[in-house]
Amino acid sequence: MRIQEALSMYDKLNILTDAAKYDVACTSSGTSRKSDGTGIGSCEQSGICHSFSADGRCISLLKILFTNECIYDCKYCVNRRSNDVARASFTPDEVCTLTMEFYRRNYIEGLFLSSGILRSPDYTMELLYATLYRLRRECNFQGYIHVKAIPGASPELVQRLGFLADRMSVNLELATAESLRALAPHKTRKNILTSMRLVQNRMTENKQELTLYRNAPRFVPAGQSTQMIIGATPETDYQIIQVAESLYQKFELKRVFYSAFVHVNNDAALPAKTGEGPPLLREHRLYQADWLLRYYHFRAEELLTEENPNFNILFDPKCNWALKHLEEFPVEVNRADYKMLLRVPGIGYKSAVRIVKARRLGTLDFADLKKIGVVLKRALYFITCGGRMMYPTKLDEDYITRNLLATGEKLPREVREMGYRQLSLFEGGWNEDGICVQ
Amino acid sequence: MKTVYVCSDTVTGIFSGIYDAWKSRKREEECEIALRGMLDQQLFCDYVEVEETEHKADAVEALIRKHLGMRAYHDIYHAVLSADPKKGDAVLGTMLTAREIPDSTKIMDHLSHPKVEKVFELYRNVFGETHSYKGFLRFRELKNGVLYAGIEPKNQILTCLAPHFADRLPTENWMIHDKTHKMFAVHEAGKQWVILWGDTFDEEVFEQVSDREEEYTRLWKGFCQTIAIESRRNPRCQLQHLPLRYRSEMVEFG
């Protein structure tokens, strides 16, 4: 049992940052807002990263918990009530001062305010509301605010809070209801989805209000997001991206974040500690697949199936898809439609747009593609320019796999450290670039 | 014979050079814009010193806006601020090419042309550096309450950076010091920002910070350390997103 003394600002910030760091979302994108000239702050559509921490994640918002004095006992969470950790709470004033002073110095793009459950969901939401109200109305802060909606809080509070924030998120925590029941006994799937639906409905209504009255207050203009923990429970990648897909379609979420499970507690319900660290590669593959769902017109069942429910560790999901669907290739860059270009490994959505624009003014060859930003060493097996391939290659799954692996580019750390060796070492007739020289 | 127009490394200078080259009605391979001090001497060409005037620059600006459109002007303006010695030439080449295609406003889509591609590449570089500094720039509060930030950019990005901060901090007195190009962007609360040139100033003034400054620096450093998850440590990833050259002025790395 700890007996706590009065904490300094530094200690409080330290405790409540430490408690918030497992939350993934730190994006400041999605709204564009000019300052009105009286307060401070503005928002950029693309978002701005202000720093990067030692784990390589972007620091864009002042990411803190309002309090870590939580009444819940979620087994994966460092702040579960049965853990003996230092506890602290901010006051609304302290959060406002910190945000304003950090913002003036251009340390941050705004505030990310989450919280443990103090007394009850409603009580906690009231505190979050008081903080945001002060920040927006009294300090006249016009920067970015991301706030967590607490599942189980009254709809009226969620609504009031949404008018002060840019983005709101309700954490789904785990992909299936069974897992949630097992690891977070105080949370229910129903409560979480109800809150999500509430935010969604209010956003739809707000869109209508805005078409009628241009200056109507805006409700969560940067949209809603959520996050799932990966690797604490036995779901497959297929289940996870199916959940993500339905969240995008049915709940109109802006983003789904994935968080590789970090072992902070010892609990029988959690997977055993293996010493391998969090499943970062799996998280990475899920983000890649997520991108394909949102920007590349892929569907979840195209990427994975019941029989083959997990991602290939060697290749990104798009490359993997292409290797399994060689009948669609090669694609003629000067003629193929935009959606097909998007499916070529090595062509991103920006390059695809540039290709479509540039080919109106003349035919493109491989040198042009390189300038446009296409990653040729990956794309060359799948495209033709003016009917010709870059090198004579075979449209054969094994052949392409071998060549792509031989270039060794961007193999994830886990794979490199697995003791994997390049196949080309065992075979003659391959030069350094992995291209057949005969 | 080829004519090389030599001008200074400013927007006015380069636009004046383009004005003269444009007026001479030469073809693309017969003229070139070069920057004073960054000149490769070549055989068999005429070197002409450009007389730089605001009038010429305005005329070229109007010409681009009218015929190439605002988007192309936006790209070209950024390209002119770059640190590349061939930038003037790339812009001139782009403008001359624009005359030959049916719809000049589509010129920036013509990426298979080397000069257009060059302008595009320069624009991306300048725009990228501006965007980085929007995040990585750090203000400190001086004794007199002014917010001061020093930066060392490769390109002349002050005129791109200042509007962003003027919008963001309209009620503050602030200044951004471009140490590479010896320029200042200065903003007085509630007024327009201005650009000043000069290297004679009292550097000590910038070192005297207000009393609260140290406390907030300490809080921020603490925050940046705590937010990292130890079991996900990845300095290479950090380095990729935040190159060392930005870190010298960032308090969390001090």
Side-chain angles (χ1 to χ4, degrees), chain A residues 9-10 13-15 17-18 20-22 26 34-42 44 46 48-60 62-64 98 101-109 142-143 260 262-263 277-278 280 354 357-358 360-365 367-368 371-372 413, chain B residues 101-102 106-114 117 120-121 131-132 134-141 147 149 164-172 174 190 212-213 215-220 222-242 250-253:
Chain A
M9 189 65 171
Y10 185 83
L13 181 64
N14 197 12
I15 293 170
T17 307
D18 200 44
K21 70 182 175 189
Y22 300 103
C26 194
K34 294 237 169 233
S35 133
D36 65 2
T38 58
I40 71 168
S42 60
E44 290 244 328
S46 59
I48 296 174
C49 296
H50 283 254
S51 190
F52 285 86
S53 54
D55 52 12
R57 297 189 306 164
C58 141
I59 302 175
S60 171
L62 172 63
K63 185 159 53 181
I64 46 175
L98 265 182
E101 292 297 336
F102 278 6
Y103 196 87
R104 282 180 76 211
R105 290 169 175 78
N106 204 36
Y107 293 168
I108 53 169
E109 193 60 19
Q142 290 154 29
V262 180
H263 253 286
L280 295 178
R354 281 184 207 137
K357 282 182 175 169
R360 288 189 196 134
L361 297 150
T363 47
L364 300 173
D365 57 27
D368 298 328
K371 285 183 211 154
I372 280 172
R413 187 163 56 169
Chain B
I101 62 170
K106 293 254 159 58
I107 181 65
M108 290 318 292
D109 296 337
H110 203 338
L111 286 178
S112 50
H113 190 280
E117 194 248 321
F120 179 69
E121 187 193 310
H131 186 79
S132 299
K134 279 182 189 172
F136 301 152
L137 175 148
R138 293 287 177 264
F139 282 115
R140 57 174 180 261
E141 195 183 59
L147 294 173
H164 170 80
F165 285 104
D167 181 49
R168 175 158 287 201
L169 307 169
T171 56
E172 301 276 356
W174 52 257
R212 303 186 300 167
E213 194 58 25
E215 176 61 11
Y216 285 111
T217 310
R218 195 170 78 97
L219 286 171
W220 176 244
F223 174 81
C224 287
Q225 266 162 25
T226 318
I227 201 81
I229 299 176
E230 193 45 44
S231 56
R232 298 182 62 123
R233 243 183 94 77
N234 193 349
R236 270 189 62 180
C237 180
Q238 184 191 25
L239 189 65
Q240 197 180 12
H241 288 114
L242 179 46
M250 294 173 75
V251 289
E252 61 266 40
F253 295 101

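Chain A is the first sequence line, chain B the second, and so forth, proteins listed ahead of strands; every chain is numbered from 1.
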**Q** With a 4.5 Å cut-off on heavy-atom pairs, point out which of B/F120, B/W220, B/F165, B/F139 contacts chain A the most.
**A**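 Between B/F120, B/W220, B/F165, B/F139, the count favours B/W220.
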
**Q** At a 4.5 Å cut-off on heavy atoms, which part of A/A20 comes close to chain B: side chain, backbone, both, or neither?
**A**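 For A/A20, neither part sits under 4.5 Å from chain B.
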
**Q** To the nearest 0.5 Å, what is the distance between OG on A/S51 and CZ on B/F253?
**A**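 Those atoms lie 4.5 Å apart.
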
**Q** At their closest point, which heavy atom of B/S231 faces which heavy atom of A/P278, and how far apart are they?
**A**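 Residues B/S231 and A/P278, closest heavy atoms: O-CD, 3.6 Å.
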
**Q** If you count heavy-atom pairs under 4.5 Å between each of A/G37, A/G277, A/A358 and chain B, which one has the most?
**A**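 Highest number of pairs under 4.5 Å: A/G37.
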
**Q** Both conditions, 6.0 Å and 45 degrees, for the charged tip of B/R138 above the ring of A/Y107: are they met here?
**A**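 Output no; distance or angle outside limits.
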
**Q** Do the side chain of B/R168 and the main chain of A/G41 share a donor and acceptor less than 3.5 angstrom apart?
**A**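 Pair absent, no side-chain N/O of B/R168 close to backbone of A/G41.
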
**Q** Looking at CZ of B/R232 and NZ of A/K21, how far apart are the two atoms once the value is rounded to the nearest 0.5 Å?
**A**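 Between atom CZ of B/R232 and atom NZ of A/K21 there are 11.5 Å.
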
**Q** Rounded to the nearest 0.5 Å, what separates atom OG1 in B/T226 from atom CD1 in A/I64?
**A**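 One finds 12.0 Å between OG1 of B/T226 and CD1 of A/I64.
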
**Q** Look up atom CD1 in A/I48 and atom NE2 in B/H131, then write down how far apart they are to the nearest 0.5 Å.
**A**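 Atom-to-atom, A/I48:CD1 and B/H131:NE2 are 5.5 Å apart.
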
**Q** Taking all non-hydrogen atoms of both residues into account, name the closest pair between A/I40 and B/E172 and its distance.
**A**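 A/I40 and B/E172 have their closest heavy atoms at CG2-OE2, 4.5 Å.
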
**Q** Using a 4.5 angstrom heavy-atom cutoff, name the option from A/M9, A/K63, A/H263 with the most pairs to chain B.
**A**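 Among A/M9, A/K63, A/H263, the one with the most close pairs to chain B is A/K63.
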
**Q** Just do the side-chain contact (heavy atoms from CB on, under 4.5 Å) check on A/T38 and B/T171 with the steps written out, would you?
**A** CA-CA 7 Å; A/T38 58; B/T171 56; 5.6 Å; no

**Q** Are a donor atom and an acceptor atom from the side chains of B/S112 and A/D368 found within less than 3.5 Å of each other?
**A**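 On atom types as modelled, these side chains do not qualify, holding no pair under 3.5 Å.
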
**Q** Under 4.5 Å heavy-atom distance to chain A, tell me which part of B/I229 shows up: side chain, backbone, both or neither.
**A**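 The answer is both parts of B/I229.
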
**Q** First locate atom CG of A/L361, then atom NE2 of B/H113, and finally report the distance between them rounded to the nearest 0.5 Å.
**A**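 Rounded to the nearest 0.5 Å, the CG-NE2 separation comes out at 11.5 Å.
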
**Q** May I ask you to test the A/K357-B/M108 pair for a side-chain heavy-atom distance under 4.5 Å?
**A**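 A side-chain contact is absent here, since even the closest heavy-atom pair is not under 4.5 Å.
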
**Q** Can you say whether A/R104 sits under 4.5 Å from chain B via the side chain, the backbone, both, or neither, judging by heavy atoms?
**A**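 Both parts, backbone and side chain.
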
**Q** Which bit of A/S60 is near chain B, if near means a heavy-atom gap under 4.5 Å: side chain, backbone, both or neither?
**A**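 Neither; nothing under 4.5 Å.
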
**Q** Indicate yes or no: at least one non-hydrogen side-chain atom of B/Y216 is less than 4.5 angstrom from one of A/R105.
**A**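 Yes - at least one pair of side-chain heavy atoms lies under 4.5 Å apart.
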
**Q** Evaluate A/Y10 against B/F223 for side-chain contact (heavy atoms from CB on, under 4.5 Å), listing each step before the verdict.
**A** CA-CA 9 Å; A/Y10 185 83; B/F223 174 81; over 6 Å; no

**Q** Check whether any side-chain N or O of A/H50 sits under 3.5 Å from a backbone N or O of B/G135 as a donor-acceptor pair, and report yes or no.
**A**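 Side chain of A/H50 to backbone of B/G135, a donor-acceptor pair under 3.5 Å: yes, one is there.
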
**Q** If you count heavy-atom pairs under 4.5 Å between each of A/Y22, A/F102, A/Y103, A/F52 and chain B, which one has the most?
**A**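 Highest number of pairs under 4.5 Å: A/F52.
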
**Q** Does A/C58 reach the side chain of B/H241, with side-chain heavy atoms less than 4.5 Å apart?
**A**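 No - every pair of side-chain heavy atoms lies 4.5 Å or more apart.
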
**Q** Do any N or O atoms from the side chain of A/N106 and from the backbone of B/K134 form a donor-acceptor pair under 3.5 angstrom?
**A**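 Checking the backbone N and O of B/K134 against the side chain of A/N106, a donor-acceptor pair under 3.5 Å is found.
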
**Q** Is A/D55 close to chain B through its backbone or its side chain, or both, or neither, when contacts mean heavy atoms under 4.5 Å?
**A**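 Contact with chain B involves both backbone and side-chain atoms of A/D55.
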
**Q** Which value, rounded to the nearest 0.5 Å, describes the distance between A/S35 atom OG and B/L169 atom CG?
**A**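 One gets 8.5 Å once the value is rounded to the nearest 0.5 Å.
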
**Q** Taking the side chain as every heavy atom from C-beta outward, state whether A/S53 and B/Q238 have any pair of such atoms under 4.5 Å apart.
**A**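 Sidechains of B/Q238 and A/S53: no contact.
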
**Q** Determine, for A/K371 against B/E121, whether the closest basic-nitrogen to carboxylate-oxygen distance falls under 4.0 angstrom.
**A**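 B/E121 and A/K371: not salt-bridged.
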
**Q** Heavy atoms only, distances under 4.5 angstrom: which of A/L364, A/L62, A/L98, A/I372 has the most pairs with chain B? Name it, please.
**A**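 Highest number of pairs under 4.5 Å: A/L62.
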
